[in-house]
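Notes follow the structure.
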Amino acid sequence: MNDRIKEKLKVLTTKPGVYIMRDKDGNVIYVGKAKNLKNRVSQYFRNSPKQAKVQAMVDNVDIFDYYITMSEMDALALESNLIKKYQPFYNILLKDGKQFPYIKIDMKDPFPKIEIVRKVKKDGARYFGPYFAGLDVREIVKTINSAFKIRTCNLKITENSMAKRECLNYSLGLCSAPCTKRIDKEGYRKEIDRVINFLNGNDDEIEEILTKKMLQASENENFENAIMFRDRLKMVAKLKQRVVANLPKDVSKDVFAYYTDGLSGVITYMAVRGGKILGIISHPCLDAELEEGRTLFNFVVQYYQNLLVPSEIILSHDIEDKELLYEFFNKKVNIITNPHGINKQLLDMALENSKEYLNKYIEKERLKYNNTIGAVKSLQEKLHLKNTPMRMECYDISNISGTNKVCSMVVFKNGEACKQHYRKFKIKTVKGANDFASLAEALTRRLKRLKEQNGESFREKPDLIIIDGGKGQISSCYEILKEFGFEQSIDMIGLAKKQEEVFFPNKAEPVLLRPGSAELKLIQRIRDEAHRFAITYHRYIRSQKQTRSPLDDIVGVGPKKRDALLKAFGTSEEVAKASVDLLRTVPGISPALAEVIHTHFKEHPLEYKAEE
């Protein structure tokens with residue numbers, strides 16, 4: 001703990017608020033809320049034992065800021081907004097875009113239909129779900145539509161509206177046709193009640209209906225429909241397999257289990273609706289809270305910002321802020337932290353999933369580390385590089401017979417592709433197929449931008465530059481590096497495809513990395529990515545030129561006038577041959593523009609298009 005932190009802790013308020021931890025570069029690494037800011041923040045900097053993940057965060061803290069709020073609820077809202085804004089490394093981060101689907105039935109509509117939605121609104125509609133982890137909500141809706149005569153159209157049906165005729169679904173026995181008054185409001189509502197009964201967990205009726213329809217279709221030798229009903233029955237069977245014994249069908253509950261090894265953690269969420277487990281999903285999480293219960297609290301708050309809150313929530317850890325959760329939910333919810341009976345069985349199931357997922361996650365992260373950061377460090381060691389190549393840039397040229405020459409710049413940071421920093425160069429000064437000169441031009445432009453600190457991807461200095469090529473390419477590029485004075489601060493290597501030889505500037509003999517090693521695979525990945533990126537850009541340039549007309553290069557000739565000229569003369573070659581007087585006869589071409597067109601083709605004969 002530095003002196004700045006000590007001084008700030010002395011004057012810290014005891015009011016509620018939000019605190020922000022920053023590293024030495026000013027980056028926000030953690031955001032937290034507190035009922036008492038002084039007590040809460042001071043806990044992090046006491047010499048007491050802490051979990052490894054908390055200690056890792058504290059070791060990176062250079063200074064903290066804080067905001068005072070009127071209440072703890074205000075602090076909760078501000079914390080949520082700041083986490084979304086800064087995306088801190090040591091906070092739980094749930095992606096808003098990954099919202100689970102629900103089935104919605106709008107009971108205000110006299111003839112409601114079944115809808116799939118991902119946002120739950122307080123609009124009086126009935127919502128069923130969420131559906132995830134192996135349950136396809138679209139298949140469930142298709143199963144409902146196969147069994148019950150519910151409309152699927154978007155027609156707005158009122159008492160006074162009347163469609164001209166029924167749709168095909170009515171003829172197929174899949175719709176009761178409320179649009180043509182084939183069924184009244186009361187009769188349709190009974191059909192909807194049967195759907196709701198199924199969604200609430202009663203499967204027997206729908207199974208009986210689908211079985212009867214399948215057998216009838218088979219008897220009528222309508223085998224295609226029979227297969228369709230058979231598949232719908234499989235969906236019902238899949239739902240029945242998720243039934244929890246001795247669990248009332250009218251209770252909806254969510255289960256949250258948190259398991260950690262002190263460094264990494266996993267929270268498993270289980271949704272139980274209508275006596276069935278609709279899904280189980282696990283999230284790896286890194287949260288620098290001092291108590292595990294507060295980590296669980298943080299997850300639950302983020303989770304329910306987009307989802308429907310059930311009547312019961314089962315938690316693996318006790319939490320201090322139950323009253324705050326009740327206020328956040330704004331509804332009566334039974335929060336259970338010491339479950340018994342069937343609730344304990346559900347929690348134990350979720351905990352087992354957490355433990356298994358954490359073991360797999362740790363192994364996956366270990367492999368990822370070995371192939372990224374581990375490979376970066378190994379590459380420095382094996383090639384005796386001056387810098388740890390945390391930022392690597394690879395360059396490759398693509399052209400056909402010296403035309404449409406382009407160069408790609410691919411960036412890897414921490415051993416992974418950083419696509420927002422990829423850049424491409426159109427080679428402007430080199431004539432013919434000269435890869436050495438083309439690489440030199442691209443590298444010159446890149447290093448000039450580095451010197452000028454111009455451009456988002458060009459301001460950051462690379463630790464290692466990789467050239468796709470051998471001794472000749474690396475020698476010409478190294479001269480550019482020396483011209484800009486970066487030969488001591490930036491490493492450079494060349495990778496030749498034939499035997500995957502690594503070349504160094506001013507060294508005659510190449511180095512061979514061990515085949516299959518993580519460091520060789522890393523530079524192969526970036527080389528192959530540079531090659532792919534260069535070819536993609538080259539193809540794009542080529543296709544643009546093939547579809548582009550020479551008339552597009554004339555100032556004052558837009559798409560409409562270009563089309564008028566081509567309509568009048570047939571081809572751009574004929575336009576180039578036309579006199580000023582003839583050009584004037586084309587609708588939309590003024591005398592002045594006719595002069596411009598004629599002069600342009602005198603100065604730039606069409607042959608110039610072969611090489612730019």
Side-chain angles (χ1 to χ4, degrees), residues 30-33 72-73 75-85 87-88 90-102 117-122 127-135 137 251-260 264-273 277-289 291-337 339 343 346-347 349-351 353-354 357-358 361:
Y30 188 70
V31 175
K33 69 159 188 64
E72 198 177 0
M73 190 65 192
L76 186 64
L78 178 58
E79 178 195 37
S80 175
N81 290 333
L82 291 175
I83 287 173
K84 288 179 182 177
K85 179 180 178 181
Q87 301 280 298
Y90 290 99
N91 278 99
I92 291 173
L93 301 170
L94 293 180
K95 296 179 181 178
D96 290 340
K98 300 295 182 184
Q99 295 167 357
F100 298 130
Y102 283 83
V117 298
R118 290 185 181 271
K119 286 190 177 180
V120 176
K121 300 177 182 178
K122 294 180 180 179
Y127 290 90
F128 302 88
Y131 296 93
F132 57 95
L135 282 181
V137 68
V251 175
S252 63
K253 57 183 72 186
D254 287 344
V255 183
F256 294 91
Y258 177 45
Y259 181 77
T260 179
S264 302
V266 170
I267 293 179
T268 295
Y269 159 68
M270 179 191 298
V272 181
R273 303 288 187 274
I277 297 173
L278 293 191
I280 302 177
I281 193 166
S282 297
H283 297 267
C285 65
L286 181 66
D287 187 66
E289 280 290 358
E291 299 94 22
E292 293 179 4
R294 291 189 66 85
T295 295
L296 202 56
F297 174 91
N298 292 340
F299 183 92
V300 169
V301 167
Q302 281 198 43
Y303 185 83
Y304 284 117
Q305 286 179 353
N306 299 310
L307 296 175
L308 200 63
V309 181
S311 56
E312 286 186 7
I313 296 176
I314 303 168
L315 303 177
S316 60
H317 293 71
D318 196 14
I319 55 173
E320 299 175 1
D321 300 329
K322 279 187 182 178
E323 293 301 321
L324 186 59
L325 264 186
Y326 294 140
E327 188 179 352
F328 172 74
F329 293 147
N330 197 26
K331 64 175 285 189
K332 187 177 180 181
V333 180
N334 185 19
I335 298 175
I336 304 169
T337 55
N343 286 338
L346 292 171
L347 181 59
M349 187 190 303
L351 276 169
N353 277 272
S354 290
Y357 186 92
L358 182 60
Y361 175 74

For the pair S354 (side chain) and Y258 (backbone), establish whether a donor and an acceptor sit closer than 3.5 Å, ignoring hydrogens and angles. no

If you apply the rule side chain to side chain contact (heavy atoms under 4.5 Å, CB included), what do you find for H283 with F299, and how did you get there? CA-CA 10 Å; H283 297 267; F299 183 92; 3.5 Å; yes

Would the distance check show the side chain of D318 and the main-chain N or O of T337 forming a donor-acceptor pair, the cut-off being under 3.5 Å? no

Hey, does L325 have a side-chain heavy atom less than 4.5 Å from the side chain of V300? yes

Pair V301-L76, side chain to side chain contact (heavy atoms under 4.5 Å, CB included): steps then yes or no: CA-CA 9 Å; V301 167; L76 186 64; 3.9 Å; yes

Mind checking whether N330 and K122 have side chains closer than 4.5 Å, heavy atoms only? yes

Ring pair (Phe, Tyr, Trp, His ring centres under 6.0 Å) filter on F329, not counting sequence neighbours, yields Y304

Flag if over 12 foreign heavy atoms under 6.0 Å of NZ, K331: yes

Rounded to the nearest 0.5 Å, what separates atom CG in D287 from atom CD1 in I267? 7.5 Å

Are the side chains of L324 and F297 in contact, using a 4.5 Å heavy-atom criterion? yes

Between P88 and L93, is any pair of side-chain heavy atoms under 4.5 Å apart? yes

How many angstroms lie between CG in N91 and CG in N298, if you round to the nearest 0.5 Å? 7.5 Å

Side-chain heavy-atom pair Q302, I83 within 4.5 angstrom cut-off: yes

Check the pair E291, I319 against side chain to side chain contact (heavy atoms under 4.5 Å, CB included), reporting the backbone distance first and the verdict last. CA-CA 9 Å; E291 299 94 22; I319 55 173; over 6 Å; no

Can you name the residues that form a side-chain hydrogen bond (donor to acceptor under 3.5 Å, both in side chains) with Y357, not counting sequence neighbours? none

Tell me every residue that passes side-chain hydrogen bond (donor to acceptor under 3.5 Å, both in side chains) with E320, counting only those two or more places apart in sequence or in another chain. none

L358 and S264: CA distance, side-chain angles, deciding distance, side chain to side chain contact (heavy atoms under 4.5 Å, CB included) verdict: CA-CA 8 Å; L358 182 60; S264 302; 3.8 Å; yes

Distance in Å, Y127 OH paired with L308 CG, rounded so as to fall on 0.5 Å steps: 8.5 Å

Nearest atoms (heavy-atom pairs only) where M270 meets L346: CE-O, 3.6 Å

Shortest non-hydrogen contact from V333 to Y326? O-CE2, 3.2 Å

Given side chains that start at C-beta, do those of T268 and M349 come closer than 4.5 Å, heavy atoms only? no

To check you understand the geometry: which heavy-atom pair defines the closest contact between R118 and P101, and what is its length? NH1-CD, 3.6 Å

Selection residues 277-286 - residue pairs positive for salt bridge (charged side-chain N to carboxylate O under 4.0 Å, His left out), sequence neighbours left out: none

Is any side-chain heavy atom of T295 less than 4.5 Å from a side-chain heavy atom of H317? no

Which heavy atom of S252 sits nearest a heavy atom of R273, and at what distance? CB-CD, 3.5 Å

Taking every non-hydrogen atom, the tightest pair across L347 and A257: CD1-CB, 4.0 Å

Check this for me: does any side-chain nitrogen of one of E312 and K253 sit under 4.0 Å from a carboxylate oxygen of the other? yes

Nearest 0.5 angstrom please: D254 CG to I313 CD1, how far? 6.0 Å

Supply the atom-to-atom distance I336 CD1 to S316 OG, rounded to the nearest 0.5 angstrom. 13.0 Å

Are any of the side-chain heavy atoms of K33 and R294 separated by less than 4.5 Å? yes

Under the side-chain hydrogen bond (donor to acceptor under 3.5 Å, both in side chains) test, which residues partner S80, sequence neighbours left out? Q305

Holding to ring pair (Phe, Tyr, Trp, His ring centres under 6.0 Å), I want the full list of residues that pass it with Y269, two or more places apart in sequence or in another chain. F132, F256, Y303

Tell me yes or no: between the side chains of E289 and Y30, is some donor less than 3.5 Å from an acceptor? yes

So CD of E323 and CD1 of I335: to nearest 0.5 Å the spacing works out to 8.5 Å

